[in-house]
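Beneath this line is the structure, given in structure tokens, with notes to follow.
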Amino acid sequence: MNKQTDSALSQMRHYAGAYHGLTVLGCVLAGISTVLSMLPFVCIWLVTRDLIQAFAAGDIALATESTRYAWLAVIFSAASIFLYFIALNCTHLAAFRTATNMRKTAIHHLVTLPLGYFGKNASGRLRKIIDDNAGLTEGFLAHQLPDLTGAVVMPVAVVVLIFLFDWRLGICCLIPMGVSVVFLKQMMGGDNAQFMGKYMAALETMNKEAVEYIRGIPVVKVFQQTIYSFKNFHAAITEYETFASGYAMKCRVPLMGFTVTLNGTFVLLIPVAMMILSGVSGQAAYEDVVLDFLFYSLFTPICATMMNRIMFASEQLMAAKSAVSRIDEILQEQPLAAPNHPDIPRDASICFENVSFSYPGASEKALDGISFAVPAGKTVALVGASGSGKSTAASLIPRFYDVQAGAVTIGGVDVRQIAKEELMQRVAFVFQNTRLFKDTLLANLLAARPDATQGEVMQALSDAQCQDIIARLPDGLDTVFGAGGTYLSGGENQRIALARAILKDAPIVILDEATAFADAENEHRIQRAFERLTQNKTVLMIAHRLSTIQDADEILVFRDGRIAERGTHGDLLAARGIYASMWADYQTSIAWKVGKEGQQ
């Protein structure tokens, strides 16, 4: 085995933990089972020998002693099957634990990664990497590893047996196996050794595109863009087809050579047996050659089975190595550094000090030297065109990313020097796209504060103007939502998210387009919920609807990652700059009415 294989098996041992001993025991039992499975062929040969000798002597009674060999064949077969059954039980128990630990380790590590990682890696891809690759490893450890052990043990037993009777006929069996190994290396080595990694990457891409395509079907149907929207999914399918068919085409000649050579033992066996027969004299010598030939005729299929096992086990070993390495890629992603000596902020003020930030792989800065402060208990609004950097700035406060230059502080302490738990307790973040778990309404709200009483939950719902939602839900707080809020509209989802933020009662509130999906009625209710949520809180508000930020203590206008203007609503209107232009456009949009008459 090469270093990569040793590393993969070492990782599997690590994931198996205390259950690794069961894997070893299972492999040992599988090896013993393999040896026992070969002994019935010897017994059958002994029975055949006695029968031939009895027929030659003209007295069938001479073959009665062969009965014990027949029973031994049955006993060896039963023992082989029983040990293999026990071996598979051991390896299955270890495989289940290994796959479980792989999934748990990967999921626990994902939780520690910054939010930016999930922006680069779609949920469909991550699900496939973790679930499917853990499943592949489970299948390898449960089935293919004991078979591979048997395939390794079998050649030793085969060499002993094939030379036990006639070394010349034994060599005739060995030559095809040796040639088949050459073809096997052609299939598994060289460029093909890296195939499995590329193949799994293509599968992950296809899975990701399939998820995205299915999620976007409503939009596709509305805008009649079926063919155009299918192109990414089609490209992923084509890439997968290229890898799969390319590998098949590369392996067609070696596989044909492997199969033909392995099953062509009789091409050598029969001529050599005939040559040996022509060189012997006497009835006894003739019978010995015939008996030896019968043994090798019975034994040859075992050699073919052995090599096929090695081939399939080698293929699964490639898949298992790739599976472990792809999960290891996730584990290699580093979480944000935790402070060695964390500090406690003195208050809920926020300060950006000459902050610059670029997304991984981006050539331009998302934020370029911005500085501003949000005093404790005040409200600051961020406005600007899409991509101007306002959401990026907000995401730096709860450390969804870390800055590359400058510092973001809370209460005079750099957020990088605040313990993660402390930071999360101080910040409530209401996203533009609300996340509701597939669970009850109560469980969704308790995610903000698990120790909250039902009375506190109901008060938070009341403060968030959710009484009408509770009244029409079939099971009240025990109503189960889908992943995106099955029973709620976008605006109602936002109100539930606000109730969750109110229940958390964090001193800092970040609102990222919290009214983005609200209709007029929901927006009015959300505005009333804002009043309760932001009372005596430090608030950073991002909004496109400028009517929601008129009363902010300060408004920052972002453009191309910088702060282009700042001031109160009145100051910015008087300045007749970017904000004044945005306000005029906003007023025009809300005042616009469809005319009664249309032009022909």
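Quick note: residue numbers are just sequence positions, from 1.
Asp328 pairs by the salt bridge (Lys or Arg N to Asp or Glu O under 4.0 Å) definition with nothing, not counting sequence neighbours. Under the side chain to side chain contact (heavy atoms under 4.5 Å, CB included) criterion, Ile130 pairs with Arg103, Ala106, Ile107, Leu110, Ile330, sequence neighbours left out. Judged as a side-chain hydrogen bond (donor to acceptor under 3.5 Å, both in side chains), and not counting sequence neighbours, the contacts of Arg168 are Asp166. Residues forming a side-chain hydrogen bond (donor to acceptor under 3.5 Å, both in side chains) with Asp147 (at least two apart in sequence, or on another chain): Tyr84. Remark: Asp402 engages Arg399 in a side-chain hydrogen bond (donor to acceptor under 3.5 Å, both in side chains) (not counting sequence neighbours). Qualifying side chain to side chain contact (heavy atoms under 4.5 Å, CB included) partners for Ala443, counting only residues two or more places apart in sequence or in other chains: Asp439, Thr440. The ring-ring contact (aromatic ring centres under 6.0 Å, His included) test applied to His143 returns His92, not counting sequence neighbours. Listed by chain and number, the residues in a side chain to side chain contact (heavy atoms under 4.5 Å, CB included) with Thr100 are Lys104 (sequence neighbours excluded). Pro40 is linked by a side chain to side chain contact (heavy atoms under 4.5 Å, CB included) to Ala73, Phe76, Ser77, counting only residues two or more places apart in sequence or in another chain. For the salt bridge (Lys or Arg N to Asp or Glu O under 4.0 Å) test, no residue two or more places apart in sequence or in another chain qualifies with Arg97.
Rounded to the nearest 0.5 Å, atoms CZ (Phe82) and CG (Leu36) are 12.0 Å apart. One distance of note links OG1 of Thr261 with CE of Met256; it measures 9.5 Å at 0.5 Å rounding. Summarising the geometry, atom CG belonging to Leu473 is positioned 4.5 Å from atom OG1 belonging to Thr479; distances are rounded to the nearest 0.5 Å. One finds the OH atom of Tyr69 at 11.0 Å from the OG1 atom of Thr67 (value rounded to the nearest 0.5 Å). With rounding to the nearest 0.5 Å, the separation of CG in Asn444 from CG in Leu477 is 11.0 Å.
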Practice prompt. Take Asp478 and Leu441 through the test side chain to side chain contact (heavy atoms under 4.5 Å, CB included) and record every step on the way to the result.
Written response: CA-CA 6 Å; Asp478 295 322; Leu441 172 60; over 6 Å; no

Fill in: Worked verdict on Met102 versus Thr137 for side chain to side chain contact (heavy atoms under 4.5 Å, CB included)
CA-CA 9 Å; Met102 288 178 76; Thr137 305; 3.6 Å; yes

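The nearest pair of heavy atoms linking Ile327 to Ala134 is CD1-N, 4.0 Å. The two residues Leu446 and Ala452 come nearest to each other via the heavy atoms CD2-O, 3.7 Å. In terms of heavy atoms, Pro146 sits closest to Leu88 at CG-CD2, 3.9 Å. Contact record, Met424 with Pro398: CE-O, 3.3 Å, taken as the closest heavy-atom pair. Minimum heavy-atom separation, Arg500 to Leu445: N-CD2, 3.7 Å.
Between Phe400 and Phe429, the distance from one ring center to the other falls under 6.0 angstrom.
Counted within 6.0 Å of OH on Tyr359, heavy atoms from surrounding residues, nucleotides or ligands total more than 12; the atom is thus considered enclosed. The number of heavy atoms from other shown groups lying within 6.0 Å of OH (Tyr19) does not exceed 12.
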Under 3.5 Å donor-acceptor pairs involving side-chain atoms of residues 22-35, not counting sequence neighbours:
| from | atom 1 | to | atom 2 | distance (Å) |
| --- | --- | --- | --- | --- |
| Ser33 | OG | Ser80 | O | 2.7 |
| Ser33 | OG | Ser80 | OG | 3.0 |
| Thr34 | OG1 | Ala30 | O | 2.9 |

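In this structure, the side chains of Tyr15 and Thr105 come closer than 4.5 Å at one or more pairs of heavy atoms. Under the 4.5 Å side-chain criterion, counting only non-hydrogen atoms from C-beta, Leu141 is in contact with Thr98.
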